[in-house]
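Scope of the values below: all heavy atoms of this structure, side chains included, with no hydrogens, waters or symmetry mates. Proteins come first, then strands; the chains are lettered A, B, ... in the order of their sequence lines, and each starts at number 1.
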Number of protein chains: 2
Amino acid sequence: MYTIKDVAEKMELSEHTLRFWAKSGFFPFVKRNANNIRMFSENDLEWVKIVKCLRAVGTENKAIKRYIDLCIVGDSTIAERYSIIQETKARALKQQEELTKQLAMLEYKENFYKNLIKNNLKDTWNPMNKPTLEDEAV
Amino acid sequence: MYTIKDVAEKMELSEHTLRFWAKSGFFPFVKRNANNIRMFSENDLEWVKIVKCLRAVGTENKAIKRYIDLCIVGDSTIAERYSIIQETKARALKQQEELTKQLAMLEYKENFYKNLIKNNLKDTWNPMNKPTLEDEAV
DNA sequence: GCTTGCCTTAGAGCTGCTATCAAATAGTAA
DNA sequence: TTACTATTTGATAGCAGCTCTAAGGCAAGC
């Protein structure tokens, strides 16, 4: 059994965030001990994990709550849960694509500056240097 | 030359966001026409692009402003700009890693539900089904 | 000259934390 | 026993980054 602090460390989240999530109804089964302290079971950690996963790909808290509630209802909601996961995955894939694009741009700029420094050149595009791979626009 | 609306469409950003960014000092060279309307040049679009890139990888607006200001100062700031881009790229790579992990989890859950549906099975883990690849905990 | 449409600014509202606070409890040390 | 420290609690305030609304300006078309 884990306290909030333990979970925070284990899952690399802040205690604040965990309390906020708990208040948002994301951990419906976390029990309290005799002193009203939340005690997370191993199973509760799995809830934390899935919530963290959904948040990490930008799922709104309202939608996370919806998913949790569907889990609680039981087997009749499996189809909806499946489609939620599918949509979430699709969004995550888009994010990955987007991130790859931005990384290409950052790499381009990194090389641009590296070259300026290495050859002791001026930034002839000052105040804005050429920032994209393809554009040659003024 | 482009109005806010044109830029919003072209860059897939909201007009609100562009005005907010403009107010934050991210587009210092955007000129107004006789009717006080912002007119973005091709060069201004490049600024929008780099700001969008930095935001997309989670750079704080304060830090973006800093970068813009460095660009304006000129060649003496190339070294600092270079290291900003390097750090940004490092963060983006971490995000990419994280995203890949979360995608693995989502794929696992997708298959889990798919299997339940295909074989008309019960979710024996209800209310929380087995969510991770490696954990066999309780 | 009236409507439509796009622009403007100011400012309120929203989401998702993040930080601060006081109070309760438990453990340790003198 | 008392004091001090550490941890947890809930309530609440504050913050970043949008997002939306309201009120008004200007230009073109009918």
Side-chain angles (χ1 to χ4, degrees), chain A residues 1-41 44-45 47-68 88 91-92 95 98 102, chain B residues 1-41 44-45 47-48 50-68 88 91 95 98 102:
Chain A
M1 303 293 260
Y2 307 92
T3 64
I4 280 259
K5 195 184 184 185
D6 297 333
V7 178
E9 268 169 37
K10 226 175 151 69
M11 308 297 285
E12 297 184 283
L13 294 162
S14 81
E15 296 180 40
H16 288 309
T17 298
L18 284 168
R19 289 210 181 85
F20 177 75
W21 286 358
K23 208 171 151 190
S24 305
F26 292 175
F27 313 133
F29 299 128
V30 172
K31 298 283 186 297
R32 310 289 187 116
N33 72 7
N35 292 315
N36 196 36
I37 308 291
R38 289 184 193 84
M39 299 305 294
F40 288 72
S41 67
D44 293 326
L45 285 189
W47 287 79
V48 177
K49 216 174 276 184
I50 181 66
V51 169
K52 190 186 172 187
C53 173
L54 293 173
R55 270 312 295 144
V57 299
T59 309
E60 285 177 14
N61 285 2
K62 196 167 46 179
I64 294 178
K65 182 62 165 58
R66 169 86 184 143
Y67 177 80
I68 301 277
T88 306
R91 269 192 300 109
Q95 284 173 42
E98 180 64 21
Q102 307 302 1
Chain B
M1 302 293 259
Y2 307 92
T3 63
I4 280 260
K5 195 185 184 186
D6 298 333
V7 178
E9 267 170 38
K10 226 175 151 71
M11 308 297 285
E12 297 184 282
L13 293 162
S14 81
E15 296 179 41
H16 289 309
T17 298
L18 284 168
R19 289 211 183 84
F20 178 75
W21 286 358
K23 211 169 147 188
S24 305
F26 292 175
F27 313 132
F29 299 129
V30 172
K31 297 284 187 297
R32 309 290 188 115
N33 71 9
N35 293 314
N36 196 35
I37 309 290
R38 287 184 193 85
M39 299 306 294
F40 288 72
S41 68
D44 293 328
L45 284 188
W47 287 81
V48 177
I50 181 67
V51 169
K52 190 187 172 188
C53 174
L54 293 174
R55 270 312 295 144
V57 299
T59 310
E60 286 177 15
N61 286 1
K62 198 167 43 180
I64 293 178
K65 182 61 165 61
R66 169 86 183 143
Y67 178 79
I68 302 275
T88 306
R91 271 193 298 108
Q95 285 173 42
E98 179 65 20
Q102 306 302 1

For the residue pair A:Trp21 and A:Phe26, does the interplanar ring angle fall in the parallel (under 30°), tilted (30 to 60°) or perpendicular (over 60°) class?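 Taking A:Phe26 first and then A:Trp21, their aromatic rings sit tilted (interplane angle of 30° to 60°).
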Is there side-chain contact between [X] and [Y], with heavy atoms separated by less than 4.5 Å?
X: A:Phe27; Y: A:Val51; value: yes
X: B:Leu45; Y: B:Val7; value: yes
X: B:Ser41; Y: B:Met1; value: yes

How long is the line joining [atom1] of [X] and [atom2] of [N], in whole Å?
X: A:Leu18; N: C:dA19; atom1: CG; atom2: C1'; result: 16 Å
X: B:Ile37; N: C:dT8; atom1: CD1; atom2: C1'; result: 7 Å
X: A:Leu54; N: C:dG16; atom1: CG; atom2: P; result: 12 Å
X: B:Glu60; N: C:dT18; atom1: CD; atom2: C1'; result: 12 Å
X: A:Lys23; N: C:dT15; atom1: NZ; atom2: P; result: 14 Å
X: B:Glu15; N: C:dT9; atom1: CD; atom2: P; result: 12 Å
X: B:His16; N: C:dT15; atom1: NE2; atom2: C1'; result: 16 Å
X: A:Phe20; N: C:dT20; atom1: CZ; atom2: P; result: 18 Å

Are any of [X]'s side-chain N or O atoms less than 4.0 Å away from OP1 or OP2 of [N]?
X: A:Asn35; N: C:dA26; result: yes
X: A:Asn61; N: C:dC17; result: yes
X: B:Arg38; N: C:dC7; result: no
X: A:Trp21; N: C:dG16; result: no

Exceeds 12 heavy-atom contacts within 6.0 angstrom, atom CD of B:Glu60: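 No, the 6.0 Å shell around CD holds no more than 12 heavy atoms from other groups.
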Is the count of non-hydrogen atoms from other residues, nucleotides or ligands lying under 6.0 Å from B:Arg66 atom CZ greater than 12?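 Not buried by this count: 12 neighbours or fewer within 6.0 Å.
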Describe the nucleic acid contact of B:Arg19 in one word from base, sugar-phosphate, nothing, applying a heavy-atom distance below 4.0 Å.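 Here B:Arg19 touches the bases of the nucleic acid.
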Steps toward side-chain hydrogen bond (donor to acceptor under 3.5 Å, both in side chains) verdict (B:Arg19, B:Ser14): CA-CA 9 Å; B:Arg19 289 211 183 84; B:Ser14 81; over 6 Å; no
Range on DNA chain D touched by chain A - first to last nucleotide, heavy-atom distance under 4.0 Å: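 Using the under 4.0 Å cut-off, the span is D:dT7 to D:dT12.
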Report the C-alpha separation of A:Arg91 and A:Thr59 in whole Å, then their side-chain angles, then the decisive distance to 0.1 Å, and conclude whether the side-chain hydrogen bond (donor to acceptor under 3.5 Å, both in side chains) test is met. CA-CA 9 Å; A:Arg91 269 192 300 109; A:Thr59 309; 3.3 Å; yes
Strand contacts (DNA chain D) in residues 1-10 of chain B, 4.0 angstrom heavy-atom criterion: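 None - not one residue of the stretch has a heavy atom sitting under 4.0 Å from the strand.
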Are B:Phe29 and B:Trp47 close enough that their ring centres sit under 6.0 Å apart?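 Judged by ring-centre distance (under 6.0 Å), B:Phe29 and B:Trp47 do meet the cut-off.
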